[in-house]
Amino acid sequence: MKVLAIGASNSRNSINQTLVKYAASLVKGAEVNVVDLNEFEMPIFSEDREKELGSPQQAQQFFKLIGNSDLIVISFAEHNGSYTAAYKNVFDWTSRIDMKVFQGKAVIMLATSPGPGGAKSVLTTAENSAPHFGAEVLGTISLASFYDNFDFESGKVVNNEFNKKLTDVIETLN
Ligand SMILES: Cc1cc2nc3c(=O)[nH]c(=O)nc-3n(C[C@H](O)[C@H](O)[C@H](O)COP(=O)(O)O)c2cc1C
């Protein structure tokens, strides 16, 4: 199974990137490809720029990566209650290739933040809009207070409730 792991943040020490790598590592027999959004930086989307530039190669590459995967595991960082600008920009450009950005793929949606909110606001936005963008959502799970619940030494989440929800969702793949 080809798994695409996306931390929806361009932070070099992204906790969402860390979380998504952990989650993808739990999928048995998976070939995991981790996306670094910094490799998909493009001008801020505008319809005028689109007329000038067409569809940037990075957007096409991002669309292809999704198309070549069996499962997408994505973890959303929350900036001011919503997507990070970095993710939203990649998403906007990619949606111009095909509004069904997720191309009917199975998607596990996660989100985490250092605070008690666990980036639930952005996760809810992503979940609610998923059908419009062709995502077959298997489950959505937020992890609050990341630094209290992640052990960097072992590279694992140490919150039983989160781990149970995640393994239950992953088991639906079998
Ligand atoms: C501009 C900005 C806005 C933020 N807004 C929120 C927010 O609305 N909710 C939240 O839980 N955390 C918020 N945070 C804190 C982020 O959750 C925190 O920086 C987290 O590490 C981002 O995830 P990442 O490490 O994967 O990039 C914000 C951080 C920044 C820099």
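Just so you know, ligand 1 is whichever comes first in the structure, and atom 1 is the first atom listed for that ligand. Keep in mind that the numbers below use all heavy atoms, side chains included, and drop hydrogens, waters and symmetry copies.
Within 6.0 Å of atom CD in Gln61, more than 12 heavy atoms from other residues, nucleotides or ligands are found, so the atom counts as buried in its surroundings.
Within the set Ser113, Gly81, Pro114, Ala86, the minimum heavy-atom distance to atom 18 (C) of ligand 1 is found for Pro114. Considering Gln17, Glu78, Lys120 only, the shortest heavy-atom separation from atom 28 (C) of ligand 1 involves Glu78.
Aromatic ring centres of Phe91 and Phe133 lie closer together than 6.0 Å.
Listed by number with element, the atoms of ligand 1 under 4.0 angstrom from any heavy atom of Ala77 are 22 (C), 23 (O), 24 (P), 26 (O), 27 (O). Close contacts of ligand 1 with Ser11, meaning ligand atoms under 4.0 Å from a residue heavy atom, involve 27 (O). Shown in contact with Asn16 at under 4.0 Å from a heavy atom are these atoms of ligand 1, numbered in order with element: 23 (O), 24 (P), 26 (O).
At the top of the distance list for atom 25 (O) of ligand 1, counting protein heavy atoms only, stands Ile15 N, 3.0 Å. The protein heavy-atom contact nearest to atom 30 (C) of ligand 1 is His79 CD2, 3.5 Å. Ranking the protein heavy atoms by distance from atom 5 (N) of ligand 1 puts Asn80 N, 2.8 Å first.
Residue Ser9 has at least one N or O atom closer than 3.5 Å to an N or O atom of ligand 1.
One finds a salt bridge joining Glu161 and Lys165 here, because a Lys/Arg side-chain nitrogen approaches an Asp/Glu carboxylate oxygen to under 4.0 Å.
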Report the C-alpha distance between Asp92 and Arg96 in whole Å, list the side-chain angles of each, state the deciding distance to 0.1 Å, and finish with yes or no for salt bridge (charged side-chain N to carboxylate O under 4.0 Å, His left out). CA-CA 7 Å; Asp92 285 347; Arg96 303 295 282 178; over 6 Å; no
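Taking the six-membered ring for Trp and thresholds of 30 and 60 degrees, Phe152 and Phe146 have ring planes more than 60 degrees apart, a perpendicular arrangement.
No side-chain donor-acceptor contact under 3.5 Å links Asn149 to the backbone of Leu143.
Heavy atoms of Ser14 found under 4.0 angstrom from ligand 1 belong to the backbone as well as the side chain.
Side chains of Phe63 and Gln103 form a contact here, defined as non-hydrogen atoms less than 4.5 Å apart.
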